[in-house]
Structure formats: structure tokens, C-alpha cells
Amino acid sequence: MVRTRFAPSPTGYMHVGNLRTALYTYLIARQNNGKFILRIEDTDQERYVEGAVDLIYRTMKETGMDWDEGPDIGGDYGPYIQSERRGIYLDYARELVEKGAAYYCFCDKERLDELKLIHSISKVPHKYDGHCRNLSKEEVAEKLAAGVPYVIRQKIPTEGVTTFTDLVYGEISVDNSELDDQILIKTDGLPTYNFANVVDDHLMKITHVVRGKEYLSSTPKYNLLYEAFGWEIPAYIHCAPVMKDAHNKLSKRNGDASYEDLIEKGYLKDAVLNYIALLGWAPKSEREIFTLEELIREFDISGISKSPAIFDTEKLAWLNGEYIKALPEETFMEMALPYIRQSVRRTDIDMRALAALLQGRVQVLGEIPEMVDFLDALPAYDIDLYTHKKMKTNPENSLESLKAVLPVLENLQDWTQEQIHTALFELIARLDVKNGLILWPLRTALSGKQFTPGGGVELAYLLGKEETLARIRQGIEKLS
RNA sequence: GGCCCGAUGGUCAAGAGGUUAAGACACCGCCCUUUCACGGCGGUAUCACGGGUUCGAUUCCCGUUCGGGUCACCA
């Protein structure tokens, strides 16, 4: 039975890299009919952020990554919040001491700092010097009885090589002499992440550990722990980071977009998830658009990339546009409405027609207010806008066109798109000119913009007869 | 600095000892068109460098360079 876990620290927000790790972890569990577990790693009280746990729940639920065991729903291997497990680690650490794979260390902070200083001055890699490594049982008992503060350290073999296999990076070997006697239990009696992680993963029967590549170099130490306990080592899947550019990781600290930020900007959750899946993983086929269900089927660990991937907003935007186009009209209208309202106060506009125009050309919902603001009020514009080489228009012939259009529209009874279209094309036929010569100036006069969500006919319809005529008159005045 | 990992177009990336080195985004051009967009068609552009191994390496090996990670009583 495959069991995977997503184990975030509640330190604030869901950044994109985190979300991707969660996704891959989720996918691996689901495609193997395994279990997906959510565990909160809050052993560091210093960094705990209020509300962060809720944010994790909310994001996971919103994106559809449901978990089978977790703090809120329980499970057979709880508790699922590390701070609630505080009682269990010390015994395991003592077991390791018994087995000779760990030891009590009574070195105080001063001595350690001094050691670190010496190492840094002499440019030697910093490692604990093993001062307490070989204390006798009696010495240890004495200090313990005297209440001297202590930590428990892992006793790394002085010789040999530790080798393990990562499903992404392959076989990796490290000399044990490179490894530090890391602290397992802190002075406060709580485990370090390094220790809690190993114990919890084992107790929760985790079979596949998916995590960031930054843990790759501490993995040998974990494996030594597993071996000392006689526990089975899980499969490892280390993921290269998501980057902002060639040198910097994507992070909130740099002001980079988090999941919530992207949603707020008007990206669809499915599109974000889909894009993130593609960042650092390549499907077998050439398809790129997948629902979560489809990702479960298509995902394959062998497609995970070894090198970091730069987050590309342009491609996300494109993908988002594809998702928007695929939306049912009704759904899109509901989504678009709040954005339209941000800049359009008028209530007499045919929102259905407007939404239909928008759906085909919006990539990110956040673009909408700026696209439609002209409906409320004609922006100030330069008459250069009337010049278009392909349409062969210029301010002079535009003036003529608008003058010709005005009476035609004034006499129009039914203000429907069909009627407007018919009337204008009759005019075009009567004058024997190119469509653009009439329609380009019209669109410009109606919008004052270079780009609009529709052509002259659509805009006239949306604006209504009165406003349309008023804007044409304004255009005529401006060009005269 | 020690150790670990990585390197295919601007970006995401497939690929394999012999290929015209896929595809997508972006970019450019053309077509369509009532602008932009959409759609259709086409195009520019990539194997970091140097040595090997081999009949043949972008692919395998070794170095170099560059990049990333790690070296906490943080996770």
C-alpha cells in the first residue's frame, strides 16, 4: 500500500513550489490507490504563524487535493500535528542511545559557538567535534542526575559510505566522514525536524517521501537513522526548486506570487494547478491540458525533471486563457461580472453580450476592468487613433465616415446587433467603400481605445443608441 | 571552501550511440477578419566548453566552466 504525505510547516502561505510538492505527492498516492496524508510540522514555535494551518487546509481543498488522514479528520496513525506528538520522540532517541547510534551531549552553547568560530576562521567545514561522543555511562548518568542540560546527537559512523537511491536523481553516495553528528533532541526535549520527520514517516508507514531537493544532502543521515532502528527506508522523490529567474527561488519574501496571489489576480485554480504540474514534469504525450483526474492517470515519476524550472507567467496566462475559453458561458459570466463591475457602473448594458465578447479574449480575469472601462465613460484619446494604415483611414476620411454613419444610426428604430449591422453594411454598399473605412473610425469614436473587446457594431449595441450617437458626435467635433 | 546535484532554443521541455534534435509558451511573417484577439498556415532560434571511448557522440566516461543545494538546539 502506497502512503505519501504532505508535511508543511505552518509558517504563513502556500508558495508555488510548496503547492507543486503537494500535487506530486498527492498524484503518486492517488494513482497507486494509496493514501495521502496531511501532517503539520510545527516543532518550531518561533516560526509558527497564526492562521497558517487554515490556509493550508483551504488551499488543499480548493485545488481538490483531498487527504485521507490528517489533523482535522484523524486516522489510524495520529496525531497528525507534530507538536501533539512531542511525547513520543524522546523514547526513540533513547533507544538509539541504547543501540549505540546516538549519544547524550552536554556541550553548552558557548562551547559550540566557539567551535563554530574556530572552524570558520580556519575555513574548515563546521562539524561537531565529538566532545561528548565517548562519555562513559557513569559520566552521563552523573550529569543527567545533576540536571545538566543536554541534547541527544546522532552518532555517525566515522568511516564508510552511505548510498541511497532517489527516484529522480538516481544513486547518490556520500562519505560518512562528511556527515555531522546532528542533534536529534533539543535541550527543550523536543525533536529537531530531522529526527521527528524520520520517526513520523516510519510510524505513519510512509512509503514514498516527496520533498524539495534541499533535503537531498541530509538524506544519508536519515537513512543511517532508519538503519539504526532497523526500519525500512522509504522511496525518495526529491524535486528541483521552482525559480523566479535563473538565480532566485520563487518566494514570498521576494514578493513573488503565492497561490492566493495568483487566484486574486484572476487565474483559475485548475489552470494554476495544471501549469504547476508541468513545471518540472513532462507528460509522456504532447498534451498539456489536464484535469486533476487526468493528471492522476498521466503522472509518472520518471517524467520529473532534475533541474530547476523558471516560473513563466506568460505561459500560465496562455493556459488560463484556454481554461477560460472552455468554461460554460454562464460560468464565465458569473466569474467575469465582479471584474466588469469594477469599472463599469452603468446598469443598462447587456452583460451577456459583453461576457460573450470577453470570453474569447481574456487570459486573466484581472485584465477585464481595464478592457471595459470605456463603456462607462469615453476616455480622452488622441486623433492619431483614427489613423490605420491597413484600413487606409486617417483623421480626414474618418470625419467623413462618422458624418455618414450618424444619420444612418439616428434613423435606426430597433437597436439590435442585427439591425445595426444591416444598416451599416447598407451604407458601406451604398458608398462603395471598404468595410474598414467606416467601421474603424466608428469603433475608435465609440471607445477611444486601440484595442476593444469587440468591433464597431458590437460596441454600438452595448453602448445603446443614445450614448452611441453622443460619442459619434463627439468624434465629429474632435475631428473637425 | 568541503560535499552533493544539475546543464538541450528567451521560457517549459521530449529525445536517443547514427533523428531533418519533437511539442508548447513567447517572438516574427502570411491568411482570415469589422481593430486587437480567436482560428489557420509558416518561420527564426537549442544540445555550456575541452578531452577521451567509438566507425560514429548532444547522448557514455573524465575534467573544466557555470548554476543550485547543503554544511543550525530552522524546517
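Computed from a predicted model, the values in this text were never measured in an experiment. Numbered from 1 within each chain, the chains take letters A, B, ... in sequence-line order.
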Counter-base of rU44(B), judged by Watson-Crick or G-U geometry with both distances under 3.5 Å:
none
Taking the P atom of each, how far is rU8(B) from rC49(B), in whole Å?
12 Å
Tell me what Met391(A) touches on the nucleic acid: a base, only sugar-phosphate, or nothing, going by heavy atoms under 4.0 Å.
sugar-phosphate
I'd like the P distance from rC60(B) over to rG15(B), given in whole Å.
12 Å
Would you say the ring centroid of Tyr24(A) lies under 6.0 angstrom from that of Trp281(A)?
no
Inspect the surroundings of CD in Gln450(A) and state if more than 12 heavy atoms from other residues, nucleotides or ligands are less than 6.0 Å away.
no
Spacing of the P atoms in rA21(B) and rC25(B) (rounded, Å):
22 Å
In terms of side-chain heavy atoms of Lys390(A), which of rU34(B), rG39(B), rU33(B) is nearest?
rU33(B)
Find the partner of rC60(B): check Watson-Crick (N1-N3 plus N6-O4 or O6-N4) and G-U wobble (N1-O2, O6-N3) distances, both under 3.5 Å, and reply none if neither fits.
rG52(B)
Would you say the side-chain atoms of Asp350(A) pair up with the backbone N or O of Ala353(A), donor to acceptor, closer than 3.5 Å?
yes
Could you state the atom-to-atom distance from CD of Glu329(A) to P of rC38(B) in whole Å?
19 Å
Gly436(A) near the nucleic acid: base, sugar-phosphate alone, or nothing, with a heavy-atom cut-off under 4.0 Å?
nothing
Are Tyr193(A) and Tyr215(A) close enough that their ring centers fall under 6.0 Å?
yes
So, is Lys221(A) near the phosphate of rA72(B), with a side-chain N or O under 4.0 Å from OP1 or OP2?
no
Any idea which of rG68(B), rA22(B), rU33(B) is nearest the Glu286(A) side chain?
rA22(B)
Length of the CG-C1' vector between Asn176(A) and rC4(B), whole Å
14 Å
Grab the N/O contacts between the protein and nucleotides 57-59 of chain B below 3.5 Å, and write none if there aren't any.
none

Checking rC3(B), rU34(B), rU35(B) against the side chain of Glu178(A) (C-beta onward), the nearest is rC3(B)
Below the 4.0 Å mark, does rA72(B) have OP1 or OP2 next to a side-chain nitrogen or oxygen of His126(A)?
yes
Give none if rG1(B) has no partner; otherwise give the nucleotide forming a Watson-Crick or G-U wobble pair with it, both distances under 3.5 Å.
rC71(B)
Whole angstroms only, please: what is the CG-C1' distance between Leu316(A) and rA24(B)?
14 Å
Taking NZ, NE, NH1 and NH2 as the nitrogens, is one of them in Asp373(A) or Lys449(A) under 4.0 Å from a carboxylate oxygen of the other?
yes
Taking only the P atom of each, what is the distance from rC27(B) to rC73(B) in whole angstrom?
50 Å
Can you tell whether the side chains of Lys109(A) and Glu114(A) come within less than 4.0 Å, N to carboxylate O?
no
Among rC5(B), rA26(B), rG69(B), which is the nearest nucleotide to the side chain of Ile172(A)?
rC5(B)
Side-chain ion pair, Arg287(A) and Glu294(A), N-O less than 4.0 Å
yes
In plain terms, say whether Arg94(A) and Asp91(A) are close enough for a salt bridge, that is, a side-chain N and a carboxylate O under 4.0 Å apart.
yes
Phosphate OP1/OP2 of rG69(B) contacted by Lys249(A) side-chain N/O (<4.0 Å)
no
Starting at atom CD1 of Ile40(A), determine the distance to atom C1' of rA75(B), rounded to an integer number of angstrom.
13 Å
The answer to which of Tyr222(A) and Val457(A) contacts RNA chain B further toward the 5' end, by nearest nucleotide, is Val457(A)
Classify the nucleic acid contact of Cys107(A) as base, sugar-phosphate or nothing, counting any heavy atom under 4.0 Å across all strands shown.
base
Are the charged groups of Asp181(A) and Lys155(A) less than 4.0 angstrom apart, N to O?
no
Going by an N to O cut-off under 4.0 Å, is there a salt bridge joining Glu426(A) and Arg430(A)?
no
Just the rounded figure in Å: distance from C1' of rA75(B) to CZ of Phe6(A).
12 Å
Name the nucleic acid region contacted by Gln182(A), choosing base, sugar-phosphate or nothing; use a 4.0 angstrom heavy-atom cut-off, strictly under.
nothing
Given atom NE2 of His238(A) and atom C1' of rC5(B), what is their separation to the nearest angstrom?
11 Å
Of the options rG39(B), rA72(B), rU70(B), whose atoms approach the side-chain atoms of Lys116(A) most closely?
rA72(B)
Check this for me: does any side-chain nitrogen of one of Lys244(A) and Asp312(A) sit under 4.0 Å from a carboxylate oxygen of the other?
no
Scan every strand shown for a Watson-Crick or G-U wobble partner of rU20(B), both distances under 3.5 Å, and answer none if you come up empty.
none
Is a donor-acceptor pair below 3.5 Å formed from side chain Arg443(A) to base rU35(B), judging by atom type as modelled?
yes
When you measure from every atom of RNA chain B, which of residues 156-170 of chain A have a heavy atom less than 4.0 Å away?
Tyr169(A)
Separation of rU8(B) P from Lys306(A) NZ (nearest whole Å):
12 Å
Nucleotide nearest Glu314(A) (side chain, heavy atoms from C-beta), chosen from rC25(B), rG68(B), rU35(B):
rC25(B)
Between the base of rC38(B) and the side chain of Arg361(A), is there any donor-acceptor pair under 3.5 Å?
no
Think Lys186(A) forms a cation-pi with Tyr150(A), using NZ or CZ under 6.0 Å from the six-ring centre and within 45 degrees of its axis?
no
In the structure shown, which nucleotide is the Watson-Crick or G-U wobble counterpart of rG9(B), with both distances under 3.5 Å?
none
As a test of reading the structure: which of rU35(B), rA75(B), rU70(B) is closest to the side chain of Asn194(A), going by heavy atoms?
rA75(B)
Review item, nucleotides 10-13 of chain B N/O atoms under 3.5 Å of protein N/O:
| residue | atom | partner | partner atom | Å |
| --- | --- | --- | --- | --- |
| rC12(B) | OP1 | Ile310(A) | N | 3.2 |
| rC12(B) | O2' | Leu278(A) | O | 3.2 |
| rA13(B) | OP1 | Gly280(A) | N | 2.7 |

Rounding to a whole Å, what distance do you find between Lys213(A):NZ and rG6(B):P?
7 Å
Between Thr468(A), Leu354(A), Ile420(A), which is the residue that forms a side chain to side chain contact (heavy atoms under 4.5 Å, CB included) with Tyr461(A)?
Ile420(A)
Verify the distance criterion only: is there a donor paired with an acceptor across the side chains of Tyr381(A) and Tyr386(A) at less than 3.5 Å?
yes
Taking any heavy-atom pair under 4.0 Å as a contact, classify Thr452(A): base, sugar-phosphate, or nothing.
base
Is any NZ, NE, NH1 or NH2 atom of the basic residue among Arg39(A) and Asp201(A) found under 4.0 Å from an Asp or Glu carboxylate oxygen of the other?
yes
Of Pro8(A) and His421(A), whose nearest nucleotide on RNA chain B comes first from the 5' end?
His421(A)
Identity of whatever pairs with rG39(B) - Watson-Crick or G-U, under 3.5 angstrom
rC31(B)
